[in-house]
Amino acid sequence: ASEHGYFDFKWLKSEIAVNPEAHTAAVTLHIDSGPRYYFGKVDFKQDILRPSLMQRFVPFKTGDPYNTAQLLELQSALIDSNYFRNVEINPRRDLSQDYRIPIDVALTPRDKHLYTVGVGYGTDTGARGKLGWENRRINDRGHRFNIEYNTSSILDSLTANYIIPIRNPRSDQFTITTKVSNDYLPSSKSENFLFGVSRSVDRGNNWLETLYLNYQTENYSIAGESGNSVLLLPGITMSKVSADNRIYPLRGIRLLVDVRGANPAVVSNAQYLQVRGQAKFVHKGRILLRGDVGTTRFGALRNLPPSERFFAGGDQSVRGYAYNSLGPRNAVGQVIGGEQLLVGSVEYEQRFTDKWSGAVFYDTGNAINNWQDALKEGTGFGV
């Protein structure tokens, strides 16, 4: 009753009638719920963001029926925003008028600047490193800026993003991206430049829609052939993540569908349409199912740069094969990438302590030009 705003309820009857001979007990509880309370004005105690932006975090309206779950949703939204380190929500029942309860929200800002440094090693990338800087709030409208440099034996990249919150600031945003990168893949090398704009909007039921327009150039060589690509890529991505725990889910689903393409009539020097779908399911126990399917239409593969071709192999693909080592090959056996991608995986994980578990897995897939082409297989175990 309290969670749903019935703060004045009274017990009218509360009794337990025990019948020892029948080994039963009859429980009778009657209450008078009293009037229901409603949300009043939400008052944010902070001085870093505009009041109009703060009000867009609120998932309810003044006059809506009181509900504790809505307050927890507000708290989660404010913490997820990365603007605030601490969020304290206090319903002021002592100030209620006409059954409307004002809500006080005390906020402690996070540090304005965030610096990141990372080092690591993986068989896909070799030694790798990362440097990053983020300005969490450029102005009182909540604009953010971040820049990150990544380096490894297969990639050097510098990426900058300017992010503007729109509508629901927790999920909806407009982003301007610039990226410069050099790729050193097993059978190709590329110098890439990208400038793009995107708009992400929450479509409900955990679905996030992202519309984007990328202008990208690529000077490349692959399997002994060189090329220069200019592409204007409009596209749309629909993604969904639903899990009982984002860090270590025991039950959850992740879906992504991306559609994009280019046409010589608008800036580009290649024509194609590409569709890619990815899915991952986690079932209690812990069983993990993963799939990745892609196809390219209306374009010749030789006109596409390496970044727009499909490759397989590596720790997020078909394990047991080197990174991007699977795909159609030329006459001398060099991998040149494929028009289609088909990858599937099943994995079983068994926890044997609170923090440790063992796993066995089976992967299959390949980058191909025809759906009838042979797939590669890999099996293994993990801890």
Side-chain angles (χ1 to χ4, degrees), residues 1-9 33-110 136-137 139-144 163-175 198-211 237-247 249 251-256:
S2 296
E3 289 177 358
H4 290 83
Y6 297 98
F7 297 115
D8 298 334
F9 74 89
S33 68
R36 188 173 193 180
Y37 284 76
Y38 300 87
F39 285 119
K41 180 183 177 182
V42 180
D43 183 24
F44 293 98
K45 301 187 184 314
Q46 58 86 40
D47 58 3
I48 63 171
L49 298 177
R50 291 184 176 185
S52 58
L53 173 61
M54 296 306 305
Q55 290 298 327
R56 282 161 35 205
F57 282 100
V58 182
F60 52 83
K61 299 183 182 69
T62 298
D64 284 353
Y66 184 95
N67 190 314
T68 301
Q70 295 279 4
L71 294 181
L72 294 175
E73 181 72 12
L74 172 60
Q75 185 177 45
S76 296
L78 292 170
I79 293 174
D80 289 347
S81 72
N82 271 334
Y83 296 125
F84 306 104
R85 183 174 69 251
N86 191 42
V87 179
E88 296 181 6
I89 297 180
N90 182 23
R92 298 298 304 272
R93 286 181 56 193
D94 56 317
L95 300 178
S96 63
Q97 294 182 353
D98 297 327
Y99 302 109
R100 295 194 177 195
I101 300 177
I103 308 296
D104 285 351
V105 183
L107 300 165
T108 304
R110 287 183 180 271
R136 289 183 168 127
R137 51 182 192 279
N139 51 40
D140 63 359
R141 296 187 296 275
H143 294 192
R144 302 194 300 272
I163 303 166
I164 303 171
I166 56 176
R167 289 177 43 175
N168 180 353
R170 184 182 192 180
S171 58
D172 303 349
Q173 62 188 31
F174 180 80
T175 305
S198 64
R199 186 222 62 184
S200 298
V201 175
D202 183 2
R203 291 305 185 188
N205 197 26
N206 292 319
W207 281 103
L208 184 68
E209 174 193 275
T210 301
L211 295 173
T237 300
M238 297 294 297
S239 60
K240 176 177 182 175
V241 178
S242 178
D244 56 359
N245 185 310
R246 290 293 187 101
I247 304 300
R251 188 185 303 274
I253 181 174
R254 184 179 69 205
L255 302 173
L256 183 146

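Residue numbers start at 1 and run along the sequence shown.
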Could you walk me through whether Phe44 and Leu53 pass the side chain to side chain contact (heavy atoms under 4.5 Å, CB included) check? CA-CA 11 Å; Phe44 293 98; Leu53 173 61; over 6 Å; no
Decide yes or no for [X] and [Y]: does some side-chain heavy atom of the first lie under 4.5 Å from some side-chain heavy atom of the second?
| X | Y | value |
| --- | --- | --- |
| Arg170 | Glu73 | yes |
| Leu78 | Met54 | yes |
| Tyr83 | Gln46 | no |
| His143 | Pro165 | yes |
| Phe84 | Ile48 | yes |
| Leu71 | Gln75 | no |

Shortest non-hydrogen contact between [X] and [Y], atoms and distance:
| X | Y | result |
| --- | --- | --- |
| Arg203 | Glu209 | NH2-OE2, 3.1 Å |
| Arg85 | Arg110 | N-CG, 3.4 Å |
| Ser2 | Phe7 | O-CE2, 3.4 Å |
| Pro249 | Asp244 | CA-OD1, 3.3 Å |
| Thr62 | Gly40 | OG1-O, 3.5 Å |
| Leu208 | Ser200 | CD1-CB, 4.3 Å |

Gap separating the [atom1] atom of [X] from the [atom2] atom of [Y], nearest 0.5 angstrom:
| X | Y | atom1 | atom2 | value |
| --- | --- | --- | --- | --- |
| Asp80 | Asn82 | CG | CG | 8.0 Å |
| Asp43 | Asn90 | CG | CG | 11.0 Å |
| Ile164 | Thr175 | CD1 | OG1 | 8.0 Å |
| Gln173 | Thr210 | CD | OG1 | 8.0 Å |
| Arg137 | Ser81 | CZ | OG | 10.5 Å |

Worked check of side chain to side chain contact (heavy atoms under 4.5 Å, CB included) between Val42 and Phe57: CA-CA 11 Å; Val42 180; Phe57 282 100; over 6 Å; no
Between Leu95 and Gln97, does the side chain to side chain contact (heavy atoms under 4.5 Å, CB included) criterion hold? Intermediate values first, please. CA-CA 7 Å; Leu95 300 178; Gln97 294 182 353; over 6 Å; no
Decide if atom [atom1] of [X] counts as having more than 12 heavy atoms of other residues, nucleotides or ligands within a radius under 6.0 Å.
| X | atom1 | value |
| --- | --- | --- |
| Phe60 | CZ | yes |
| Asp94 | CG | yes |
| Arg56 | CZ | yes |

Who passes ring pair (Phe, Tyr, Trp, His ring centres under 6.0 Å) against His4, sequence neighbours left out? none
With sequence neighbours left out, what residues match Arg251 under salt bridge (charged side-chain N to carboxylate O under 4.0 Å, His left out)? none
Reference residue Asp104; test side chain to side chain contact (heavy atoms under 4.5 Å, CB included); the match among Lys41, Glu88, Arg92: Arg92
Hey, does the side chain of Asp98 reach the backbone of Arg100 with a donor-acceptor pair shorter than 3.5 angstrom? no
Are the side chain of Asp202 and the backbone of Asp172 linked by a donor-acceptor contact shorter than 3.5 Å? no
Donor-acceptor side-chain pairing of Tyr37 and Asp8 below 3.5 angstrom: yes
Ring pair (Phe, Tyr, Trp, His ring centres under 6.0 Å), that's the test. Do Tyr38 and Tyr66 meet it? Break it down for me. CA-CA 5 Å; Tyr38 300 87; Tyr66 184 95; 9.8 Å; no
Checking side chain to side chain contact (heavy atoms under 4.5 Å, CB included) for the pair Trp207/Leu255: CA distance, chi angles, key distance, verdict? CA-CA 9 Å; Trp207 281 103; Leu255 302 173; 3.9 Å; yes
